[in-house]
Amino acid sequence: MAGGWLNGVKRDFTKDEALKEYFYFLADDSLILGQQLSKWCSNGPVLEQDIAIINTALDHIGRARLLYQELARLEGGDTTEDTLAYFRDHLQFKNALLVEQPNGHWGDSVVRSFFIDTFNFYLYDALRGCKNEALRGIAEKAIKEISYQAQWSAEWVVRLGDGTEESHNKVQKSVDDLWMWSGELFEDHPVFEILKDELPSFVSFKEQWIKKVAEVLKMATLIMPSPELWMQTGGRYGIHSAQLGYILGEMQSLARTYPDATW
Amino acid sequence: MGTNVSLEDKFQAYVDAENRVEPKDWMPEKYRKTLIRQISQHAHSEIIGMQPEANWITRAPSLRAKLILLAKVQDEAGHGLYLYSAAETLGEPREKMIADLQSGKAKYSSIFNYPTPSWADMGTIGWLVDGAAIQNQVMLTRTSYGPYARAMVKICKEESFHQRQGYEVVMKLAQGTPEQKAMAQESLNRWWWPSLMMFGPSDDNSPNSEQSMKWKIKRKSNDTLRQEFVDKTVPQAEYLGLTIPDADLKWNEERGHYDFGEINWAEFYEVIKGNGPCNKERIAHHVKAHEEGAWVREAANAYAKKQADRASNDASAA
């Protein structure tokens with residue numbers, strides 16, 4: 001898997017580095033998705049759903065905090081949850097490219113959430129039984145939120161797919177457009193081999209994910225694109241879309257303007 | 001005929017005896033209209049009030065601050081929901097209230113027609129705007145209309161929490177770097193007078209107040225509430241080391257209250273009329289979200305109908 005696009009990215013990790021990397025995958029996915037979802041606040045299609053989507057944003061950001069707090073402990077020194085969120089640049093962010101895709105319309109955001117929530121459901125369920133104590137605790141708390149999120153986003157995919165002709169066509173396009181960002185969730189990564197006795201490899205959730213997504217899309221009367229299609233990659237190595245620069249630019253602007261301030 | 005007691009008189013006696021009016025009770029049409037106007041206006045204030053704060057969620061300078069702000073704006077959406085429900089008990093559908101908001105027929109608190117250019121505004125809004133709202137809302141927990149009073153009990157608890165959080169944001173700034181302290185002062189300078197305006201026109205110029213007091217919808221006058229707010233807030237500003245932007249502000253030993261300067265009533269009435277810095281922006285934002293969500297609402301309704309049809313087909317097949 002030596003492609004040109006990922007030429008020169010770091011592939012050798014010590015065990016300590018591998019563990020931190022694994023935490024960054026989870027933490028950065030949560031923060032960037034939470035940040036994106038929070039933009040729906042005051043923009044939802046109906047008040048009840050404004051509240052529901054803000055709730056998912058809260059869960060993601062809350063989970064990101066727990067993960068960054070553990071990462072700050074692993075990194076040591078002056079590192080805090082906030083230095084990790086506000087003072088790293090795009091090359092250091094290891095989130096999947098899917099979560100940095102624009103909010104688009106309600107259907108785009110719902111499908112993006114559905115893909116990642118379904119992945120998170122299998123991942124965090126497995127983490128409840130993993131050998132890392134901190135992750136076990138975080139997963140135990142998170143699984144309740146994730147179960148709700150996965151149900152919420154799947155229900156919306158069905159509602160839009162089996163709603164009106166307009167909503168059907170719109171959400172089918174969302175599925176088609178976002179599909180190429182889904183494969184990265186299960187991509188193999190050198191850290192999985194290093195951590196194989198302690199933590200699950202993301203590759204192991206691929207079959208369950210495809211099965212679940214196929215089931216929900218069928219209920220939604222939508223067509224599932226082939227999992228064999230060409231998938232985008234890079235996020236887990238810090239190679240991102242141009243979107244991430246804007247997301248970080250906005251999120252970090254105030255903290256970086258006054259780096260010595262505490263808030 | 002002279003011995004007959006009119007329904008209006010009976011209603012007044014019922015309210016005078018501190019009874020709560022419930023949705024199915026008879027009530028004067030004007031009482032119902034007044035409440036719909038007031039409760040829907042209150043609901044719209046919660047909803048429009050989400051915008052100036054949502055504006056800072058993506059830029060909150062710490063994860064903790066981001067989470068607190070997000071949770072606060074979510075609470076406001078929840079308050080809007082209870083209040084729309086309370087107004088619906090008076091026979092007014094939510095769609096109509098929203099249409100009236102968007103057409104400009106219904107009002108919302110004018111304070112939200114001011115912009116939030118600074119992070120410090122997230123603290124100042126919690127401290128002053130929520131503080132002023134609480135002053136009013138504590139009174140409303142004893143309002144004569146049952147569903148409104150009960151909604152207020154729940155809302156007041158959350159609002160007090162928001163006010164403490166807002167005060168904490170300002171305190172961190174006031175005790176922070178010189179730039180942060182300047183940020184807090186600048187924000188207070190902008191929000192102080194609009195906060196005093198939140199209590200409405202002075203008692204001499206408040207057309208709806210007298211009847212509302214009589215029906216115990218309202219229990220304290222605008223000027224009384226405003227004075228209570230000033231008396232409560234001045235020591236808080238002193239504690240923070242911030243200066244309230246009013247040269248006439250001073251303790252009046254004789255009255256046992258702070259005297260304060262004259263509110264700019266011309267500005268107050270202009271902002272109500274639609275000429276505040278953000279009136280157009282706030283409504284345009286609401287309309288845009290509503291219109292962009294139309295296809296989603298239609299899809300949800302169509303799906304719900306299909307599900308209901310399927311269920312009834314299954315039932316008749318069985």
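Reminder, nothing fancy here: chain letters follow the sequence lines and each chain counts from 1.
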Non-hydrogen side-chain atoms of [X] and [Y] separated by less than 4.5 Å:
| X | Y | answer |
| --- | --- | --- |
| A:W152 | A:Q49 | yes |
| A:V213 | A:M224 | yes |
| A:V171 | A:W156 | no |
| A:Q101 | A:S241 | yes |

Chain A contacts, top residue of [options] (heavy-atom pairs, under 4.5 Å):
| options | answer |
| --- | --- |
| B:Q74, B:E76, B:K172, B:H285 | B:Q74 |
| B:H290, B:E53, B:K66 | B:K66 |
| B:M50, B:K306, B:E292 | B:K306 |
| B:A294, B:G78, B:A289 | B:A289 |

Tell me, side chain or backbone of [X] under 4.5 Å from chain A's heavy atoms, or both, or neither?
| X | result |
| --- | --- |
| B:L173 | side chain |
| B:M122 | neither |
| B:I98 | neither |
| B:E179 | side chain |
| B:T58 | both |
| B:E298 | both |
| B:R64 | both |

Looking only at heavy atoms and a cut-off of under 4.5 Å, which of [options] has the most pairs with chain B?
| options | result |
| --- | --- |
| A:V46, A:L58, A:L254 | A:L58 |
| A:I61, A:D82, A:D162, A:I51 | A:D162 |
| A:T80, A:V110, A:D260, A:L160 | A:L160 |
| A:K170, A:H105, A:E166, A:E81 | A:K170 |
| A:L47, A:L31, A:I54 | A:L47 |

key: Full working for side chain to side chain donor-acceptor pair (under 3.5 Å) between B:T124 and B:S187   = CA-CA 7 Å; B:T124 312; B:S187 179; 2.6 Å; yes
query = Given A:Y246 and A:H90, is the ring pair (Phe, Tyr, Trp, His ring centres under 6.0 Å) satisfied, shown in steps?
reply = CA-CA 10 Å; A:Y246 288 98; A:H90 60 102; over 10 Å; no
query = Between B:N55 and B:Q51, is any side-chain donor less than 3.5 angstrom from a side-chain acceptor?
reply = no
ask   = So, B:N113 and B:Y108: side-chain donor and acceptor under 3.5 Å apart, yes or no?
value = yes
For [X], is it the side chain, the backbone, both or neither that has a heavy atom under 4.5 Å from a heavy atom of chain B?
| X | result |
| --- | --- |
| A:D50 | side chain |
| A:I247 | neither |
| A:T262 | backbone |
| A:A85 | side chain |

remark   = Tightest non-hydrogen contact, residues A:I143 and A:F121, listed as CD1-O, 3.7 Å
query = Does NZ or CZ of A:R256 lie under 6.0 Å from the centre of the six-membered ring of A:Y86, at an angle within 45° of the ring axis?
reply = no
request  = Could you tell me whether A:E48 and B:R94 make a salt bridge, using a distance below 4.0 angstrom between a side-chain N and a carboxylate O?
outcome  =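 Answer for the salt bridge query: yes.
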Among B:Q137, B:K72, B:M152, the one residue meeting side chain to side chain contact (heavy atoms under 4.5 Å, CB included) with B:E159 =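 Looking at B:Q137, B:K72, B:M152, the match for B:E159 under the side chain to side chain contact (heavy atoms under 4.5 Å, CB included) is B:Q137.
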